[in-house]
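Here's the structure, in structure tokens; my notes come after.
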Amino acid sequence: MPPLFPRTLAADLPLAGCTAAEVSERLTGADPRALLMALVHLTRDADALTVFAAVCEPGAADDDLTAALRDRLAAVLTEPPSAEAGAPLPDALMQAMAATFAREPVAAEFLPVLRDQCGFDTLDADPTPPAADGGFHVAVIGAGLTGIAAAVKLAEAGHTYRIYERNSDVGGVWLVNQYPGVGVDTPSHFYSYSFAVNPDWPAFYSSGDVVLGYLRRCADAYGIRAHTSFDTHVESCAWDEADRRWTLTTRHADGTVSRDHADAVVSAIGFFQDPKYPDIPGLADFAGTVVHTAAWDPGLDLAGRRVALVGTGASAMQTAPAIVDDVAALTVFQRQPAWIQPRRAANLTVPEGALWAMRHVPYYAEWFRTITYWFASDANYATITADPDWRGADTAISAASDKLRQILVAYAQAELADRPDLLAKAVPAYPPFGKRILRDADWYRMLRRDHVDLCTEPIDRIIPEGIRTADGTVTEAEVLILATGFHLLPMLRSVTVTGRGGTVLADVWGDEDPRAHLGVTVPGFPNLFVLSGPNSSPGHGAGNNFVSEVQIHYVLACLDLLRERGLRTLEPTEEAHAAYADDVDATMAGLVWSHPSVRSYYRNAAGRVVVTNPWRLVDYWHMLRKPDPAAHVLG
């Protein structure tokens, strides 16, 4: 298959049609850290890490040293490549490079994760396709980010598959979420596939339509649509003990019902299922327009209208600033504030020099992805880990947590300096990361507008003319926007899954207590793989794309184990399943999500954390490299 995102590789050097001086000029605006990494990757000159180390310091200016780095790299790009330029990096050199941009030692345990997740393994991959002998037929439920990746990797491993998607196109939440301002709050250059590194992201945090376009492009390039049943809802999956395979009952848009069979089932439904409507008395009585952010009406005209918005999570954080210039009045109803991280830059558009480097400098895109991932992943783990000796304020759980809190409070204070009334409402009383930290999309600046009000009084009920709060105040509105998220529990709520002996998964999990071995498999349900399952969300950093790829690798490793042994079924033992659940709970007890001040969708009604993953990402990556045969029932 031709490259999905064509760009210059080491073997393509030297760059044609331009001089070294012209290349150096074009690199103006590119990230100097990634330029340094690309230089060392191409030349294997470790001394350059010392010579140019200062460009990796925070806030490094575009000074003479950066210009010298551009000149040095430009000279390399306009000459034939060295014999080593296209070969995999030695571990020692890669470790030194990572330590340079991270400005701290980087343990060897991170190196295989960086190679895998940042696209280096894809560059070095053997193009020879695997043998298809002994392959399985796999049913994949959902054609979002995770389902597309699962399909790509299943096909590469020699398995056949069919995706069942209830919507009319690929994209998952990025197809469904069409509200104003929708976009990623994980950096675009990492929120993508490691096997399809995209050099063309127009912004460091891209809009939803750009993300959807990326997913559609990937689906088309890998021929996903030909293997997908669109407008098809999977109603049930039942294990057939005699045939040792799954029977799927599906309902199509025209109401017809079909039954298909598969050797394995991969749920790629994801964490976010159906829109969650709040249980507020009188909602049906509202006389105006009600719209949920997850079911947005693109024809809705908000110009000159009075709007009430319920919620202050991720979708509200993007919607409100996007509509504030259109509406006559906006009242935001807040139950609990969110921590908001500072804007990365006033202008989040990728500079032209960086775009040029992504396309024309070998390894630049992979190293920029690596740097982005590093500072948005396990670098945050210390801030979510409680220090049992911490004696500071209860709004932090350790010195690292308190340091982050001070940074976030200082940012809020700077943004709301002239509005102490808003500051008192907007700063959370729980430690950072207790709920998802959100990226500022001009939220604070939106709140300061004269026609905007932030209401923290509890909602009593919806009335025809608006919202009445517990103190009796009535806020009149013509449009009610519900930014109240999605149902996460019960997991797999839309599919009835029946395993061995007629056991129904919903009965095993109940409404609010799902558990799975390594977050993926469940005893009594052979060859069922739940991606984005219990305790899988990377709550302290990175993006769900990381967990999706790690779990997909585990699925393939399980199928490989069966294929190697000439077997057909795999499921975890009860003992392994219970031991893992105990480890999750014991580790979670020392993390911020178990803090008594935290209320979030990560926890069930009993207070157990069921959504987030308690491990460092590097730990989870290593845990899911291959299944332990002793922890499984194989047949």
Side-chain angles (χ1 to χ4, degrees), residues 171 173-185 203 205-212 272 274-278 280 282-335 337-338 340 343 348 415-416 419 422 425-426 438-457 459-469 473-486:
V173 294
W174 296 107
L175 178 68
V176 172
N177 278 343
Q178 299 292 323
Y179 59 81
V182 62
V184 293
D185 54 13
Y205 294 87
S206 291
S207 60
D209 62 320
V210 173
V211 178
L212 179 59
F272 302 132
D274 301 309
K276 185 176 183 179
Y277 287 82
I280 302 175
L283 181 58
D285 299 330
F286 183 63
T289 301
V290 179
V291 62
H292 195 288
T293 51
W296 192 264
D297 177 5
L300 179 61
D301 184 6
L302 297 176
R305 306 182 76 181
R306 294 167 297 169
V307 176
L309 185 149
V310 178
T312 52
S315 58
M317 190 79 46
Q318 295 177 340
T319 300
I323 66 174
V324 69
D325 288 334
D326 297 328
V327 303
L330 174 63
T331 302
V332 177
F333 290 84
Q334 171 183 283
R335 185 172 60 177
I340 302 175
R343 295 176 61 87
L348 296 175
E415 289 287 301
L416 301 174
R419 293 291 304 272
L422 287 175
K425 296 177 180 180
L438 304 176
R439 185 185 67 82
D440 189 8
D442 284 338
W443 177 259
Y444 289 138
R445 299 174 193 181
M446 177 274 301
L447 290 178
R448 287 162 37 194
R449 301 285 290 273
D450 291 340
H451 64 302
V452 176
D453 183 42
L454 177 63
C455 179
T456 58
E457 186 71 18
I459 295 175
D460 175 49
R461 68 178 296 110
I462 307 293
I463 56 178
E465 61 267 32
I467 296 179
R468 185 176 70 208
T469 50
T473 300
V474 172
T475 298
E476 295 186 353
E478 299 163 271
V479 179
L480 176 58
I481 298 175
L482 303 176
T484 49
F486 293 83

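Each residue takes its place number in the sequence, starting with 1.
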Open item on the list: Could you check whether any side-chain heavy atom of L212 comes within less than 4.5 Å of a side-chain heavy atom of Q178, counting everything from C-beta outward?
Closed with: yes
- [ ] May I ask you to test the M317-D185 pair for a side-chain heavy-atom distance under 4.5 Å?
- [x] no
Task: Contact check, side chains of V324 and D442, non-hydrogen atoms, under 4.5 Å - done: no
- [ ] Measure the shortest side-chain to side-chain distance between L447 and K425 over non-hydrogen atoms and say whether it is less than 4.5 angstrom.
- [x] no
Task: Distance in Å, L302 CG paired with T319 OG1, rounded so as to fall on 0.5 Å steps - done: 10.0 Å
Task: Candidate pair T312 and L438, rule side-chain contact (heavy atoms from CB on, under 4.5 Å), full reasoning - done: CA-CA 10 Å; T312 52; L438 304 176; over 6 Å; no
Open item on the list: Rounded to the nearest 0.5 Å, what separates atom CG in D440 from atom CE in M446?
Closed with: 9.0 Å
Task: W174 vs V182, side-chain contact (heavy atoms from CB on, under 4.5 Å): CA-CA, chis, key distance, verdict - done: CA-CA 9 Å; W174 296 107; V182 62; 4.0 Å; yes
Task: Any W296 side-chain heavy atom under 4.5 Å of V291 side chain - done: yes
TODO: Write down the atom of P275, the atom of A294, and the distance for their closest heavy-atom approach.
DONE: CG-CB, 3.8 Å
Open item on the list: Please check: side-chain N/O of T473 versus main-chain N/O of T469, any donor-acceptor pairing under 3.5 Å?
Closed with: no
TODO: Tell me, with the steps shown, if D325 and R449 meet side-chain contact (heavy atoms from CB on, under 4.5 Å).
DONE: CA-CA 10 Å; D325 288 334; R449 301 285 290 273; 2.9 Å; yes
- [ ] Check whether any side-chain heavy atom of R305 lies under 4.5 Å from a side-chain heavy atom of T289, and answer yes or no.
- [x] yes
TODO: State, to 0.1 Å, how close Q318 and Y179 come at their nearest heavy-atom pair, and which atoms those are.
DONE: OE1-OH, 2.7 Å
Task: Between CG on residue L422 and OG1 on residue T456, distance to nearest 0.5 Å - done: 10.0 Å
- [ ] Check whether any side-chain N or O of E478 sits under 3.5 Å from a backbone N or O of R306 as a donor-acceptor pair, and report yes or no.
- [x] yes
Open item on the list: As an exercise, state the distance from CG of N177 to CG of D209, rounded to the nearest 0.5 Å.
Closed with: 12.5 Å
- [ ] Could you grab the distance from atom CD of E457 to atom CZ of R335, nearest 0.5 Å is fine?
- [x] 15.0 Å
TODO: Grab the two heavy atoms, one from L348 and one from Y205, that are nearest each other, plus how far apart they are.
DONE: CD1-CD1, 4.2 Å
- [ ] Could you tell me whether the side chain of L482 reaches within less than 4.5 Å of the side chain of V290, counting heavy atoms only?
- [x] yes
- [ ] Kindly give the heavy-atom pair with the smallest separation between A483 and A316, and that separation in Å.
- [x] CB-CB, 3.7 Å
Open item on the list: Using side-chain heavy atoms (C-beta onward) and a distance below 4.5 Å, is W443 in contact with V332?
Closed with: yes
TODO: Taking all heavy atoms of L283 and all of P278, pick out the closest pair and write down the distance.
DONE: CD2-O, 4.0 Å
Task: N/O donor-acceptor pair under 3.5 Å between T484 side chain and K276 backbone - done: yes
- [ ] Could you tell me which non-hydrogen atom of A426 sits nearest to which non-hydrogen atom of Y444, and how far apart they are?
- [x] CB-CE2, 4.0 Å
- [ ] Could you walk me through whether F333 and L480 pass side-chain contact (heavy atoms from CB on, under 4.5 Å), step by step?
- [x] CA-CA 11 Å; F333 290 84; L480 176 58; over 6 Å; no
- [ ] Hey, could you give me the CD1/CD1 distance between I459 and I467, rounded to the nearest 0.5 Å?
- [x] 4.5 Å
